[in-house]
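Below, read A as the first sequence line, B as the second, and so on, with proteins coming before strands; counting in each chain starts at 1.
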Amino acid sequence: MSELKQTRPKGTQDFVPPDSERRRQAEATFRHLAETYGYREIITPTFEHTAVFVKSSGETSDIVTKEMYSFKDRAERDLTLRPEGTPGVVRAVLENQARMPCRLYYVGPYFRYSRPQKGRYREFGQVGVEALGEASPLTDAEVIFLGDAFFRSLGIHDCTTQVNSIGCRECRPGHRDALRNYLLERKEQLCGDCRLRIDRNPLRVFDCKVEACRQAVEGAPTPRQHLCEACKRHFEQVLADLTQRSLPYEVNDRLVRGLDYYNRTTFEYISASLGAQDSLGGGGRYDYLVEEFGGPDTPAIGFALGLDRALLAAPPAAGPARRHLAFVVWLTESELGETEKLAAKLRADGIPAQVDYDARRVKAQFKSADAAQAACCIIIGPDELAKGVYSLKDLVSGEQHEVPFDAITAAVRKRFRD
RNA sequence: GUGAGUGUAGCUCAAUUGGUUAGAGUACCUGACUGUGGCUCAGGAUGUUGUGGGUUCAAUUCCCAUCACUCACCCCA
């Protein structure tokens with residue numbers, strides 16, 4: 001293989017047909033589903049002032065400390081390619097003084113500087129929703145249900161839903177202290193990372209996969225044990241509504257999530273068929289974030305789902321379907337004018353039409369049509385023009401018959417329906 | 001950022017213990033079929049063996065470096 005002069009940057013992906021079409025399809029499915037629940041699309045910049053992410057995700061979170069694509073522009077502004085969606089949405093909602101409550105969804109590329117592997121890319125596709133100004137536990141359950149519905153509509157069936165509650169301003173400090181004391185007593189057993197976490201964010205120790213840490217944390221005080229009455233009731237209502245909706249779930253006490261802004265409900269969707277990167281998506285409540293951005297006290301909840309991983313977990317597309325495309329084939333140059341006219345008419349009638357202007361022989365044109373996966377060919381030759389017909393050939397069945405000039409659109413439409 | 005594995009034709013892969021013109025399938029092109037794709041048959045074209053160095057009479061094969069990809073750690077989508 002001769003060396004290509006230009007290759008794509010590490011961790012980025014090209015989507016060529018039909019992969020690009022499969023991806024679009026999944027996005028369309030999500031848009032439709034989200035709109036079904038009353039969400040409307042929000043489009044925000046792909047980069048923001050770095051402070052937007054640092055303030056919301058947490059100064060010490062891994063995303064902020066080592067995974068951001070940050071740069072200075074020509075005026076020395078500190079900018080960052082968005083590593084996640086929520087902070088930008090919250091910023092935009094406040095900046096545009098959107099009326100609360102409001103339900104927003106988004107679709108787009110996100111960027112994190114981490115080493116690529118299966119299901120993890122430096123540029124990746126994410127879809128998400130944010131329900132701002134809604135405090136009810138029923139909203140939590142509906143949001144969790146919506147994420148699950150998206151995966152199911154893509155044909156993903158091995159997806160399990162995990163939920164947890166990490167409490168609020170009232171009950172978190174109590175738990176934090178209890179957990180910190182518990183961990184300090186067992187500091188010797190913990191890995192280096194976790195020893196640092198004791199001070200910075202003890203909750204994250206629950207996330208650690210090191211076996212020693214897992215054991216040490218076995219009997220640790222869980223967030224759930226320390227929930228205040230209000231949080232406890234909220235969580236119970238979330239679970240009750242999930243049950244009501246017949247959505248199977250697992251309560252996972254170790255599910256704490258990596259972003260600082262979460263409170264109360266957290267959840268995550270896990271797939272068994274993805275390898276190490278098994279999280280299809282996740283989210284949670286972030287009742288304090290809007291206020292921290294300088295806005296009014298506003299409860300909120302949302303999720304982000306990984307498009308790349310969803311497509312990885314979804315069953316492969318069905319067999320090679322023919323495209324709704326008519327290929328117009330010409331015999332000699334004297335039919336070229338007629339060929340262009342027919343193609344124009346078909347397109348005006350809403351039928352995608354293509355012509356191979358370069359291939360001189362009919363055989364080569366048919367090969368092009370086949371390679372393009374066209375559903376049919378329309379042949380224009382001297383004989384046809386003399387008789388006032390086109391020859392219409394179905395490329396799947398191989399059948400061919402003559403169609404009067406003015407009946408061609410209807411005849412092709414019929415082919416597409418079959 | 002750390003570790004391991006893999007780089008041979010457009011694609012998927014071969015090539016005995018290092019041994020001289022690096023093969024096969026598929027895709028591609030041509031013809032059988034000068035108005036017809038897919039099937040069949042016959043023929044044809046294709047590689048600086050990722051790159052750079054080293055060992056050797058001889059390197060796709062062994063060694064070093066480098067780059068790329070993959071998987072895992074980490075982190076999470």
Side-chain angles (χ1 to χ4, degrees), chain A residues 1-4 6-13 16 57 60-68 82-86 106-128 147 150-151 191-194 204 207-211 255-259 268-271 274-283 303-313 320 322 327 329-332 335 356 359-385 391-400:
Chain A
M1 196 189 329
S2 66
E3 197 83 339
L4 291 170
Q6 303 294 344
T7 56
R8 71 179 111 86
K10 185 190 279 289
T12 60
Q13 307 172 88
V16 300
S57 304
T60 60
S61 71
D62 291 274
I63 290 178
V64 167
T65 54
K66 49 190 193 194
E67 293 186 352
M68 293 203 306
R82 59 185 186 191
E84 50 159 334
T86 305
Y106 57 84
V107 172
Y110 292 80
F111 308 85
R112 279 182 214 172
Y113 191 93
S114 51
R115 192 106 158 228
Q117 70 186 72
K118 187 183 177 72
R120 187 171 77 186
Y121 307 95
R122 289 185 172 178
E123 179 178 16
F124 56 98
Q126 210 169 258
V127 302
F150 173 61
F151 296 127
C191 71
D193 283 341
C194 284
R204 297 294 322 279
D207 252 351
C208 191
K209 285 171 193 153
V210 175
E211 191 49 39
L255 176 60
V256 297
R257 315 268 316 151
L259 303 164
E268 198 161 333
Y269 307 97
I270 310 282
S271 164
L274 280 183
Q277 308 301 320
D278 62 355
S279 171
L280 282 171
F303 65 56
L305 313 178
L307 202 53
D308 306 279
R309 290 184 189 176
L311 256 13
L312 232 40
R322 288 276 162 169
F327 223 91
V329 174
W330 49 282
L331 264 297
T332 69
E335 287 91 49
D356 186 338
R360 311 228 134 246
R361 289 165 332 234
V362 174
K363 192 187 178 80
Q365 293 183 52
F366 266 85
K367 281 203 150 201
S368 291
D370 199 42
Q373 299 263 277
C376 61
C377 281
I378 301 167
I379 305 101
I380 305 180
D383 297 352
E384 279 83 359
L385 291 186
S391 292
L392 176 62
K393 178 168 185 174
D394 186 303
L395 288 180
V396 178
S397 66
E399 285 170 26
Q400 179 172 329

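- On a pure distance criterion of 3.5 Å, no polar donor-acceptor pair joins the side chain of A:Q400 and the base of B:G35.
- One finds no salt bridge joining A:D308 and A:K118 here, because no Lys/Arg side-chain nitrogen approaches an Asp/Glu carboxylate oxygen to under 4.0 Å.
- For B:C69, its base never sits under 3.5 Å from the side chain of A:R8 at any donor and acceptor pair.
- A:R122 has its CZ atom 16 Å from the C1' atom of B:A77, to the nearest Å.
- Looking at A:R309, its side chain never comes within 3.5 Å of a backbone N or O of A:L280 through a donor-acceptor pair.
- Searching all strands for a Watson-Crick or G-U wobble partner of B:G44 with both distances below 3.5 Å returns B:C28.
- No engagement by A:Q365 is indicated, since no non-hydrogen atom pair under 4.0 Å with the nucleic acid exists.
- Considering only the side chain of A:R120, B:G1 comes nearest among B:G1, B:G35, B:U36.
- With both ends at atom C1', the span from B:U56 to B:U60 equals 16 Å, rounded to whole Å.
- OP1 or OP2 of B:C29 sits under 4.0 Å from a side-chain N or O of A:K367.
- Taking atom P on both nucleotides, B:G3 is separated from B:A65 by 12 Å, rounded to a whole Å.
- Stacking is not found between A:F366 and the pyrimidine-like six-membered ring of the B:G37 base under the 5.5 Å centre-distance and 30° plane-angle cut-offs.
- Between the CZ atom in A:F327 and the NZ atom in A:K393 there is a gap of 14.0 Å [rounded to 0.5 Å].
- Contact annotation for A:L280: backbone-only contact, meaning every heavy-atom pair under 4.0 Å involves sugar-phosphate atoms and none involves a base.
- Residue contacts shown for A:R115 include a base, since a base heavy atom lies under 4.0 Å away.
- Which of B:C75, B:A72, B:G38 sits closest to the side chain of A:D370 comes down to B:G38.
- Rounded to whole angstrom, the span from the CD1 atom of A:I380 across to the C1' atom of B:U36 amounts to 15 Å.
- If you take atom C1' in B:G7 and the same atom in B:U61, they sit 14 Å apart, rounded to whole Å.
- The partner of B:U21 cannot be assigned: no Watson-Crick or G-U wobble pair with both contacts below 3.5 Å exists in any strand.
- When each of A:L305 and A:K118 is assigned the nucleotide of RNA chain B with its nearest heavy atom, A:K118 is the one assigned upstream, toward the 5' end.
- At the phosphate of B:A72, OP1 or OP2 sits under 4.0 Å from a side-chain N or O atom of A:Q117.
- Put simply, A:R204 has a side-chain N or O that comes within less than 4.0 Å of OP1 or OP2 on B:C76.
- Nucleic acid contact class of A:G128 (heavy atoms, under 4.0 Å, all strands): none.
- Between A:R257 and B:A77 there is a side-chain polar atom (N or O) within less than 4.0 angstrom of OP1 or OP2.
- When distances run from any side-chain atom of A:S114 to the nucleotides B:A77, B:G1, B:G35, the shortest one goes to B:A77.
- Taking only side-chain atoms of A:R112, from C-beta outward, the nucleotide of B:C73, B:G1, B:A77 with the closest atom is B:A77.
- Although no hydrogens or angles enter the test, the distance criterion places no donor-acceptor pair under 3.5 Å between the side chain of A:Q400 and the main chain of A:S391.
- Whole-Å rounding puts the A:E384 CD to B:G35 P distance at 12 Å.
- Pairing for B:G1 goes to B:C73, judged as Watson-Crick or G-U wobble with the two contacts each under 3.5 Å.
- Comparing the same atom, P, in B:U40 and in B:U21 gives a spacing of 36 Å after rounding to whole Å.
- Atom name P, nucleotides B:A24 and B:C62: the rounded distance is 24 Å, in whole Å.
- For B:U26 and B:A14, the C1' atoms lie 14 Å apart once the distance is rounded to whole Å.
- In this entry the distance linking CD1 of A:I378 with C1' of B:U36 reads 14 Å, nearest Å.
- Looking at every heavy atom in both residues, A:V396 comes nearest to A:D394 through N-OD1, 2.7 Å.
- When the P atom is used for both B:G43 and B:U20, the distance is 26 Å, rounded to whole Å.
- Across every strand in view, B:U6 sits in a pair with B:A68 that passes the Watson-Crick or G-U test at under 3.5 angstrom.
- At the heavy-atom level, A:E335 lies nowhere under 4.0 Å from the strands shown.
- One atom, CE of A:M68, and another, P of B:C76, lie 14 Å apart when rounded to the nearest Å.
- Protein atom CG of A:D278 is 15 Å distant from nucleotide atom C1' of B:C71, rounded to whole Å.
- Side-chain N or O atoms of A:R82 include one that pairs as donor or acceptor with a backbone N or O of A:P109 at under 3.5 Å.
- When Watson-Crick and G-U wobble pairs are counted only if both distances are under 3.5 Å, B:U16 pairs with no nucleotide at all.
- Note: A:Y269 and A:F303 have perpendicular aromatic rings, judged against thresholds of 30 and 60 degrees for the angle between ring planes.
- Nearest nucleotide to the A:R361 side chain, out of B:C69, B:C73, B:U30: B:U30.
- At the heavy-atom level, A:F327 lies nowhere under 4.0 Å from the strands shown.
- Atom CD1 of A:I270 is separated from atom C1' of B:C76 by 10 Å (rounded to the nearest Å).
- Among the atoms of the strands shown, none is found under 4.0 Å from any heavy atom of A:G125.
- Applying the 4.0 Å criterion to OP1 and OP2 of B:G35, one finds that A:K363 has every side-chain N and O outside that range.
- Within the nucleic acid shown, A:V396 comes within 4.0 Å of at least one base atom, counting heavy atoms only.
- Contact check for A:F366 versus A:I379: side-chain heavy atoms found under the 4.5 Å cut-off.
- Atoms OH (A:Y121) and P (B:C69) sit 12 Å apart, rounded to a whole Å.
- In the set B:C75, B:G35, B:G37, B:G37 carries the atom at the smallest distance from any side-chain atom of A:R322.
- At a cut-off of 3.5 Å, with distance as the only test, a side-chain donor of A:T332 or A:E335 sits close to an acceptor on the other residue.
- Nucleotides B:U8 and B:U46 are separated by 13 Å at their C1' atoms, to the nearest Å.
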